[in-house]
Number of protein chains: 2
Amino acid sequence: MASKYMKIYNEIVSEIQNGNIEPRSMLKSESELMQEYSVSRDTVRKALNLLERDGYIQRLQGKGSIVLDINKFDFPVSGLTSFKELSERMGGRTRTYVKELALVKPNDFLMKHLNVSKDDEVWKVVRVREIGGKKIILDKDYFNRKFVPALTREICEDSIYEYIENKLGLKIGYAKKVITVQKASEEDIKYLDFDKFDMIVVVKNYVYLEDTTLFQYTESRHRPDKFRFVDFARRSR
Amino acid sequence: MASKYMKIYNEIVSEIQNGNIEPRSMLKSESELMQEYSVSRDTVRKALNLLERDGYIQRLQGKGSIVLDINKFDFPVSGLTSFKELSERMGGRTRTYVKELALVKPNDFLMKHLNVSKDDEVWKVVRVREIGGKKIILDKDYFNRKFVPALTREICEDSIYEYIENKLGLKIGYAKKVITVQKASEEDIKYLDFDKFDMIVVVKNYVYLEDTTLFQYTESRHRPDKFRFVDFARRSR
DNA sequence: TAGTGGTCTAGACCACGGG
DNA sequence: CCGTGGTCTAGACCACTAG
């Protein structure tokens with residue numbers, strides 16, 4: 001897990017985030033890094049490739065690697081950022097209210113989205129997220145019970161992801177997000193501090209394990225004025 | 001440009017997209033691919049890394065690589081997808097109306113977003129995008145004139161990106177997108193077929209060249225009911 | 001045990017940028 | 001010219017999966 005190139009990657013990332021490495025400056029060259037870490041060039045290059053993928057540096061043939069000027073508050077960008085990570089970054093006082101926590105039989109909607117049969121059972125979790133005193137996000141999560149045998153209110157109030165990855169040891173592989181804007185539902189209006197808005201931003205999230213089985217479906221419903229999504233993209237080359 | 005691993009990547013991508021390789025099936029092993037393409041293992045692995053990064057396959061230690069079941073209509077996902085690529089994928093009849101095309105002196109807003117001084121000149125392009133007979137997107141583009149000396153109505157009606165990358169030879173490195181939802185402006189309502197909506201989805205796009213200079217700022221304003229954004233994300237590993 | 005992918009090494013040649 | 005990053009090779013050892 002703690003491969004050499006991952007250590008190099010993590011060290012450089014924290015140096016950039018701490019400001020020890022100046023944005024817009026040149027990163028050490030590959031050969032310097034080889035000596036510094038006593039590794040082969042390929043190992044250095046693996047670390048640099050990850051840094052480039054994640055938007056920390058830009059590599060230029062014949063010149064070197066420039067450290068990009070990342071606005072820390074926008075970062076990280078297109079990760080699997082959960083509410084807990086998000087709220088830690090935003091700072092403001094946050095709370096989570098568990099409105100519903102139950103095992104349900106899947107309806108057609110769930111069978112379509114979660115790849116479960118009508119004999120399986122599914123955890124349904126409905127949570128309201130409050131930031132700075134305002135109820136802004138309505139999260140509806142569905143898990144296949146096969147993977148998550150037990151679930152408690154306490155876990156839901158904290159971070160379900162942490163429980164799943166650390167306690168259950170399930171390995172999340174990848175996720176697909178779809179963002180759309182819809183008319184707000186009665187449920188949205190009932191649970192959220194809605195003021196004058198009649199639309200809602202819906203982020204559908206499909207989470208897959210490393211063995212490619214679909215494991216969780218989440219709908220995250222955001223008050224439109226508070227929604228913000230940042231994405232970093234590279235040309236395919 | 002046409003490196004060996006890129007050829008392998010492209011071949012496998014098109015085989016997946018054509019359906020020649022079944023989703024959920026096992027991809028050929030690394031050693032098989034080495035023989036098939038007569039390359040070293042490292043070269044095969046470079047191609048496979050890209051395929052995994054882009055969401056085409058999932059690699060499993062000890063087993064092999066599974067071909068993921070990509071919904072073609074959602075794909076590609078978090079690229080630098082321009083309107084032209086987008087409309088080609090959506091199929092429907094599309095049109096572009098150039099509403100404004102001028103060299104302007106930058107105001108405070110532009111100086112902040114485009115890194116230009118008050119003596120530079122900036123291209124301003126305002127375009128309305130029509131899909132299926134409905135005017136749905138309002139694109140406002142700003143380019144530093146330093147990089148784009150000339151710009152015509154014809155280029156704007158086609159694809160500015162194509163002109164920039166192929167004709168001018170500028171190399172786009174990366175881009176940052178910020179998605180928010182705002183109250184619709186008078187300009188939005190004037191130019192778009194707006195029906196009953198009063199909100200608009202704003203996609204701010206900052207495009208950088210390979211040498212990390214900010215080159216273009218774009219605001220893409222979408223009618224909320226027609227907006228859809230798909231993102232594919234991997235765990236940091 | 002055999003086959004798969006994951007990491008690491010050492011060395012080669014090329015393309016590009018700048019003095 | 002030299003130093004940079006980009007590509008490619010051959011070989012080694014490890015970790016994991018499955019029969």
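Letters A, B, ... are given to chains in the order of the sequence lines, protein chains preceding strands, and every chain is numbered from 1.
Contacts of B/Glu121 classified as side chain to side chain contact (heavy atoms under 4.5 Å, CB included), with partners at least two apart in sequence or in another chain: B/Leu103, B/Lys105, B/Arg145. Every residue two or more places apart in sequence or in another chain that forms a side chain to side chain contact (heavy atoms under 4.5 Å, CB included) with B/Ser220 is listed here: B/Ile137, B/Asp139, B/Val203, B/His222. With sequence neighbours excluded, the residues forming a side chain to side chain contact (heavy atoms under 4.5 Å, CB included) with A/Asp211 are A/Leu209, A/Thr213, listed by chain and number. When the ring pair (Phe, Tyr, Trp, His ring centres under 6.0 Å) test is applied to A/Tyr217, the partners found at least two apart in sequence or on another chain are A/Phe109, A/His113, A/Tyr206. Here A/Thr180 pairs with nothing under the side chain to side chain donor-acceptor pair (under 3.5 Å) rule; sequence neighbours left out. Residues meeting the ring pair (Phe, Tyr, Trp, His ring centres under 6.0 Å) test with B/Phe143, sequence neighbours left out: B/Phe215. The salt bridge (Lys or Arg N to Asp or Glu O under 4.0 Å) check on B/Glu100 picks up B/Lys124, with sequence neighbours excluded.
A salt bridge (Lys or Arg N to Asp or Glu O under 4.0 Å) check over residues 25-42 of chain A, counting only residues at least two apart or in different chains, returns the pairs A/Lys28-A/Glu36, A/Glu30-A/Arg41, A/Glu30-A/Arg45, A/Glu30-A/Arg59. Residue pairs that meet the salt bridge (Lys or Arg N to Asp or Glu O under 4.0 Å) test with at least one member in residues 6-27 of chain B, sequence neighbours left out, do not exist here.
Atom CG in A/Leu51 sits roughly 13 Å away from atom P in D/dG5 (whole-Å rounding). Taking atom CD of B/Glu210 as the reference point, atom C1' of C/dA15 lies 13 Å away to the nearest angstrom. If you measure from atom CG of A/Asn49 to atom P of C/dT7, you get 13 Å, rounded to the nearest angstrom. C/dG3 atom P lies 12 Å from atom CD of B/Gln35, rounded to whole Å. Atom pair B/Tyr37:OH and D/dT9:P shows a separation of 14 Å (rounding to whole Å applied). For the pair A/Met34 CE and D/dG5 C1', the interatomic distance rounds to 13 Å; values are reported in whole Å. Distance B/Leu50 CG to D/dG6 C1': 13 Å, rounded to the nearest Å. Distance, A/Gln58 CD to D/dT4 C1': 15 Å, rounded to whole Å.
With A/Ile57 as the partner, the side-chain contact (heavy atoms from CB on, under 4.5 Å) test is satisfied by one option alone out of A/Ile21, A/Asn49, A/Leu48, A/Leu50: A/Leu48.
Closest to the side chain of A/Tyr5, from the set C/dC8, D/dT9, C/dG5, is C/dC8.
Residue B/Glu32 is the one, among B/Lys171 and B/Glu32, whose nearest nucleotide of DNA chain C lies closer to the 5' end (criterion: closest heavy atom).
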Detail all sub-3.5 Å separations between protein N/O atoms and N/O atoms belonging to nucleotides 10-19 of chain D.
| residue | atom | partner | partner atom | Å |
| --- | --- | --- | --- | --- |
| D/dA12 | N6 | B/Arg41 | NH1 | 3.3 |
| D/dA18 | OP1 | B/Lys63 | NZ | 3.4 |

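For C/dG5, neither phosphate oxygen OP1 nor OP2 lies less than 4.0 angstrom from any side-chain nitrogen or oxygen of B/Arg45. The side chain of B/Lys46 places no N or O atom within less than 4.0 Å of a non-bridging phosphate oxygen (OP1 or OP2) of D/dG6. Taking 4.0 angstrom as the limit, B/Thr43 places a side-chain polar atom (N or O) nearer than this to OP1 or OP2 of D/dT9. Residue A/Ser31 has a polar side-chain atom (N or O) positioned under 4.0 Å from OP1 or OP2 of D/dT4.
Counting only heavy atoms from C-beta outward, the side chains of B/Val207 and B/Ile172 approach each other to under 4.5 Å.
Only B/Ser29, B/Glu30, listed by number, bring a heavy atom of residues 23-30 of chain B to less than 4.0 angstrom from any atom of DNA chain C.
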Watson-Crick or G-U pairs under 3.5 Å in DNA chain D, rendered as dot-bracket with [ ] for crossing pairs and | for another strand: ||||||||||||||||||.
Test log, rule side-chain contact (heavy atoms from CB on, under 4.5 Å), inputs A/Tyr56 and A/Val13: CA-CA 7 Å; A/Tyr56 289 106; A/Val13 164; 3.8 Å; yes
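Within the nucleic acid shown, A/Leu48 has no heavy atom closer than 4.0 Å to any nucleic acid atom.
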